[in-house]
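This report refers to the structure that appears directly beneath it.
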Amino acid sequence: SIFVIKNGYAQKGYTSNIQYLTEEGIMALFDEYMNGGGILLRDGASINNCDIYANTAFIGGGIYRANANANTPANYLRNNKIRRNYAITEGGGLYYIRGGNQAAVDVIANCEISGNVSDRHGALVAQRANLINCSIIGNKTEVYSFDTITSTNTYNRYVNCVLWGNDSRNYAFQTEGHDNVYEHCAIQGGHEGTDNINLALENEGDDSNSYYPHFLDVDNEVYQPLEGSALVNEGDNASLYGEKDLAYHDRVKDGIVDNR
């Protein structure tokens with residue numbers, strides 16, 4: 001069963017007193033918004049089988065997790081839809097930061113991160129996370145054209161993921177950041193890495209040299225790949241995480257896992 005977390009509004013309470021120097025003098029701005037409109041994540045927590053939908057916050061519209069370090073237990077986000085959330089500043093879907101020098105620890109697996117909006121980083125801000133069989137689709141950055149739609153994005157590992165249809169104003173790429181690894185992913189515009197697919201901008205088409213995602217119904221945000229999709233049977237079985245996808249279909253049908 002799916003647990004729905006909807007219409008959260010992280011607003012109540014005082015968060016900070018920010019001062020801006022203007023031509024008229026110093027102006028104090030009291031932030032009304034707090035972080036994590038749907039979920040404020042703590043050490044070692046697992047969030048599974050949730051639809052985190054239409055929540056609002058200052059940072060991390062759907063989920064907020066910050067200040068984890070090398071000694072903090074890992075978090076697990078599995079089989080969740082994180083969609084149509086809004087962050088005032090950054091991390092429309094989620095804000096997920098872990099400091100330290102260790103390799104990626106936390107797991108975000110079999111999740112759909114779609115339709116989220118923020119001034120910066122419409123989909124997520126992520127650091128030192130393993131993203132496995134995730135679809136990052138149709139998110140939007142409203143203000144900053146130079147920032148990635150996907151994340152601040154450092155020291156993450158993306159495997160069997162789809163990054164497509166995200167809109168960051170004039171920023172042409174689906175990814176940004178440094179020290180990330182992309183393996184067996186399908187990315188609009190492509191990306192260096194291991195066996196990644198360069199997805200076309202269009203959902204479907206007739207160009208035999210292009211790779212189309214061919215989702216069931218993009219207009220209604222149904223991102224299930226149909227027969228003939230470039231995503232089918234293109235993943236890495238060694239990184240398979242769970243036997244079912246979000247639609248409760250078998251993750252492996254013809255011997256090879258899909259990208260999504």
Side-chain angles (χ1 to χ4, degrees), residues 35 41 43-44 59-60 62-78 80 82 87 89-113 116 118-137 139-141 144-199 234-236 238-241 259-260:
N35 304 327
L41 205 58
D43 298 352
I59 301 174
I63 299 174
Y64 178 86
R65 174 69 174 108
N67 302 320
N69 56 49
N71 299 316
T72 304
N75 293 115
Y76 294 86
L77 308 180
R78 294 171 289 207
N80 301 298
I82 304 168
T89 56
E90 58 182 329
L94 63 147
Y95 184 95
Y96 203 90
I97 296 294
R98 177 179 289 272
N101 297 315
Q102 75 280 6
V105 174
D106 305 285
V107 174
I108 304 173
N110 297 344
C111 290
E112 178 187 304
I113 303 168
N116 301 288
S118 183
D119 280 2
R120 301 177 62 178
H121 318 311
L124 68 148
V125 174
Q127 191 176 73
R128 293 184 171 84
N130 293 287
L131 290 96
I132 306 167
N133 278 113
C134 289
S135 297
I136 303 171
I137 299 173
N139 301 282
K140 183 177 181 181
T141 294
Y144 295 93
S145 61
F146 56 85
D147 282 325
T148 174
I149 189 70
T150 306
S151 61
T152 296
N153 216 35
T154 54
Y155 306 105
N156 300 304
R157 179 173 177 253
Y158 292 79
V159 185
N160 297 349
C161 290
V162 179
L163 292 85
W164 183 83
N166 300 295
D167 178 10
S168 188
R169 294 187 66 195
N170 298 323
Y171 192 85
F173 305 102
Q174 301 288 298
T175 63
E176 182 258 354
H178 59 86
D179 294 286
N180 300 294
V181 175
Y182 296 88
E183 301 172 344
H184 307 278
C185 292
I187 303 172
Q188 180 184 318
H191 199 284
E192 63 182 10
T194 303
D195 293 330
N196 296 318
I197 297 172
N198 183 349
L199 282 182
E234 292 293 340
D236 176 29
S239 299
L240 180 65
Y241 202 101
N259 282 109
R260 183 183 184 276

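Heads up: numbering here begins at 1 and tracks the sequence.
- A donor-acceptor pair under 3.5 Å links the side-chain atoms of Asn156 to the main chain of Arg128, judged by distance alone.
- Side chain of Asn196 to backbone of His184: a donor-acceptor contact under 3.5 angstrom is found.
- The OH atom of Tyr158 sits 9.0 Å away from atom SG of Cys134, with the distance rounded to the nearest 0.5 Å.
- Taking the ring centre of Tyr96 as origin, the terminal cationic atom of Arg65 falls outside the region bounded by 6.0 Å and 45° from the ring axis.
- Tested against Ile63, the residues Leu77, Ile113, Ile108 include a single side-chain contact (heavy atoms from CB on, under 4.5 Å) partner, Leu77.
- Of the possible polar contacts, one joining the Ser118 side chain to the Arg120 backbone as a donor-acceptor pair under 3.5 Å is found.
- Proximity of Asp119 to Thr89: side-chain heavy atoms (C-beta onward) are nowhere separated by under 4.5 Å.
- Under the 3.5 Å distance criterion, the side-chain polar atoms of Gln174 are left unmatched by any main-chain donor or acceptor of Ile187.
- In terms of heavy atoms, Gly60 sits closest to Ala87 at N-CB, 3.8 Å.
- Here the NE2-CG distance, from His121 to Leu94, works out to 12.0 Å after rounding to the nearest 0.5 Å.
- Judged purely by atom type and a 3.5 angstrom limit, Asn198 uses its side chain to pair as donor or acceptor with the backbone of Gly190.
- Atoms CD1 and NE2, from Ile197 and His191 in turn, are 15.0 Å apart once rounded to the nearest 0.5 Å.
- In this structure, the side chain of Thr194 does not engage the main chain of Glu183 through any donor-acceptor pair within 3.5 Å.
- Residues Val159 and Tyr182 are not in side-chain contact: their nearest non-hydrogen atoms beyond the backbone lie 4.5 Å or more apart.
- A donor-acceptor pair under 3.5 Å is formed between the side chain of Asp106 and the backbone N or O of Asn75.
- For the 3.5 Å distance criterion, the side chains of Gln127 and Thr154 qualify, holding a donor opposite an acceptor.
- If you look at His178 and Tyr155, their ring centroids are closer than 6.0 Å.
- The side chain to side chain donor-acceptor pair (under 3.5 Å) test with Asn166 singles out one residue from Thr141, Asn139, Asn116, and that residue is Asn139.
- Residues Tyr64 and Ile59 meet the side-chain proximity criterion, which asks for heavy atoms closer than 4.5 Å.
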Checklist line | Verdict with reasoning, Leu131 to Leu124, per side chain to side chain contact (heavy atoms under 4.5 Å, CB included) | finding: CA-CA 12 Å; Leu131 290 96; Leu124 68 148; 4.2 Å; yes
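- With rounding to the nearest 0.5 angstrom, the CG atom of Asn130 is 9.0 Å from the OH atom of Tyr76.
- In plain terms, the two heavy atoms of Val107 and Ala109 that are nearest each other are CG1-CB, 3.8 Å.
- At distances below 3.5 Å, at least one donor-acceptor pair connects side-chain atoms of Arg98 with backbone N or O atoms of Thr72.
- Here the CD-CD1 distance, from Gln188 to Ile137, works out to 10.5 Å after rounding to the nearest 0.5 Å.
- Side-chain N or O atoms of Asn80 include none that pairs as donor or acceptor with a backbone N or O of Ile82 at under 3.5 Å.
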